[in-house]
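What follows is a single structure, written as structure tokens, with notes after it.
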Amino acid sequence: MARRLLGGLLVAQLLAVGQLARPAAFQGTSCGELAVLTIPDVTINAATEVAAGAFTPPGSKTPLTLPAFCRVEATARPTTDSEIKIEVWIPAADAWNGKFQAVGNGGYQGSISYLAMATALRRGSATASTDTGHTGDDVIFGQGHPEKVIDFGWRAIHLMTDTAKLVVRNATGRFADKSYFVGCSSGGHQAMSEAQRFPDDYDGILAGAPANNRIRQTFGFVWSWSATHRADGTPILDQASLAAVTNAVVAACDARDGLKDGLVDDPRRCTFDPATLACGAGTNGASCLTKEQVEAVQKVYDGAKSPTTGEPIFTGWPRGSEAFGDSAIQSWRQYILAPKEPSRIGVFRYFLFHDPNWKVSSLDYDRDLAYAEQRIPHLAAVDHDLTPFKKRGGKLIMYAGWVDPVVPPQDNVAYYEAVAKKMGGYEKTRDFFRLFVAPGMGHCAGGPGPNQFDAVTALEQWVEKGVAPDALIASHSTGGKVDRSRPLCPYPQVARYKGTGSIDEAANFTCAAPAAARRSSGSNR
Ligand SMILES: [Ca+2]
């Protein structure tokens with residue numbers, strides 16, 4: 001009681017000082033005085049007022065144009081081996097919308113996500129980001145630093161959240177009305193980790209293309225790399241052959257969803273066989289596949305399986321994801337073909353076996369998967385029971401792209417289905433958790449399908465007004481001009497053409513159960 005009273009007095013004092021020193025911009029403690037805040041395990045390194053205008057983030061040469069904000073730089077050291085950089089940005093009082101929106105990271109990228117923070121700040125939200133406790137995209141940081149691996153796995157995001165909430169409270173005089181987490185890829189993984197491990201942290205969570213099944217996906221990377229490289233390490237496939245496969249996939253499966261629009265609604269229903277592209281006798285070239293290439297493509301579709309039992313270890317990559325665009329991230333090149341060794345092989349070398357010379361040839365899928373799931377469970381977020389998050393009133397939107405060549409969307413869908421099963425069915429799940437999978441969308445954005453949509457506003461509407469998103473309206477642009485729009489529907493629904501009007505206009509589509517589901521349930525016949 002006395003302690004609470006003292007705390008209240010301290011806050012009142014800080015508020016009074018802040019109002020005297022800076023009556024206009026901030027309601028709570030003046031920005032500079034936030035530097036003296038004491039939070040356990042956290043050091044505030046600097047608290048600086050940044051005037052409206054150009055702000056060039058550290059490590060960047062491109063200035064961002066931002067409204068005025070208070071920039072707080074902190075370091076959290078929950079263990080003696082930890083060094084977690086955190087930034088918290090607070091808008092000026094008259095610009096603050098009362099919300100806190102934290103942002104996630106991409107890859108193993110150990111850096112503050114300044115661009116995403118800028119987006120949140122421009123919305124009027126206070127925001128925070130962390131470097132997750134290391135620098136750079138390589139996983140070598142984990143060598144001899146098991147605590148840093150835990151920091152990356154979940155701890156940095158949670159500590160960032162706790163820290164940012166206190167900083168925002170002291171800067172503004174009150175806690176934020178609502179807290180949100182927004183991330184894609186590794187940020188989607190972080191989003192799912194928060195929903196599972198710290199359900200009280202956020203009111204609303206947006207998880208894009210979540211790489212939350214990270215341990216098994218790492219095995220999947222090894223599988224797909226091994227399938228697409230010869231014993232001497234040279235790649236079996238190239239951009240031209242991959243593009244030929246994607247074209248053939250679309251030609252074979254486009255119409256199967258009931259609408260010939262250049263998009264395959266759900267690649268799981270597409271059974272395209274790469275052998276149909278096999279070169280005839282004496283012919284070879286970009287438009288046909290050698291026997292070696294046919295087998296490689298098929299193995300990537302099949303996904304990692306136990307060599308002894310045939311049990312699936314990780315889903316394959318979807319048909320249509322081979323090369324739908326020219327850039328490496330719009331094809332299998334970036335994470336499967338181009339690397340000299342399997343992507344994230346360092347997880348085995350530095351996180352698991354502590355052997356920098358570990359070789360793929362020594363991998364035992366059964367034994368080593370069991371070992372990994374026992375030793376580094378903090379590197380994944382795969383709990384299907386989201387009861388605590390649902391009970392606290394949390395809302396969760398997950399999205400994915402059906403041709404994502406980085407995080408296979410089948411894994412996100414499988415997770416959603418497993419949660420629905422655990423939570424008592426789709427109806428009891430859609431109350432608080434909805435998944436939107438975009439046909440023809442790649443990793444987090446891009447692709448031939450409509451892939452731009454405002455899920456953050458949809459999430460805010462759901463949390464603040466109780467209006468659940470029955471569809472997300474997505475658009476596709478060419479040269480900055482919108483040339484197609486389409487509703488993204490909450491899984492398992494799909495967008496169905498009403499039969500009249502342009503197939504490039506969202507208004508001519510409705511969300512409905514997929515054709516096969518209608519047949520099997522008998523509700524439509
Ligand atoms: Ca189609």
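Counting starts at 1 for both ligands and their atoms, in listed order. The basis for the numbers below is simple: all heavy atoms, side chains too, and nothing from hydrogens, waters or symmetry mates. For reference, positions follow the sequence shown, starting with 1.
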Response to the item:
the Ca ion (ligand 1) has as its nearest N, O or S atom from Asp261 the atom OD1
Fill in: the Ca ion (ligand 1) to nearest N/O/S of Leu263 below 3.0 Å
yes
Fill in: Residue Leu259, metal the Ca ion (ligand 1), N/O/S under 3.0 Å
yes
Practice prompt. Flag the pair Lys291 and Glu295 as a salt bridge only when some basic side-chain nitrogen lies within less than 4.0 angstrom of an acidic carboxylate oxygen.
Written response: yes
Fill in: Lys99 and Glu460 ion-paired at < 4.0 Å
yes
Discussion item. Taking backbone and side chain together, does Asp265 place any N/O/S atom at a distance below 3.0 Å from the Ca ion (ligand 1)?
Written reply: no
Worksheet item: Between Asp383 and Arg197, does at least one N-O distance fall below 4.0 Å, as a salt bridge requires?
Response: no
Item to complete: State whether Asp411 and Arg214 are salt-bridged, where the test is any N-O pair (Lys NZ or Arg NE/NH1/NH2 against Asp/Glu carboxylate O) under 4.0 Å.
Response: no
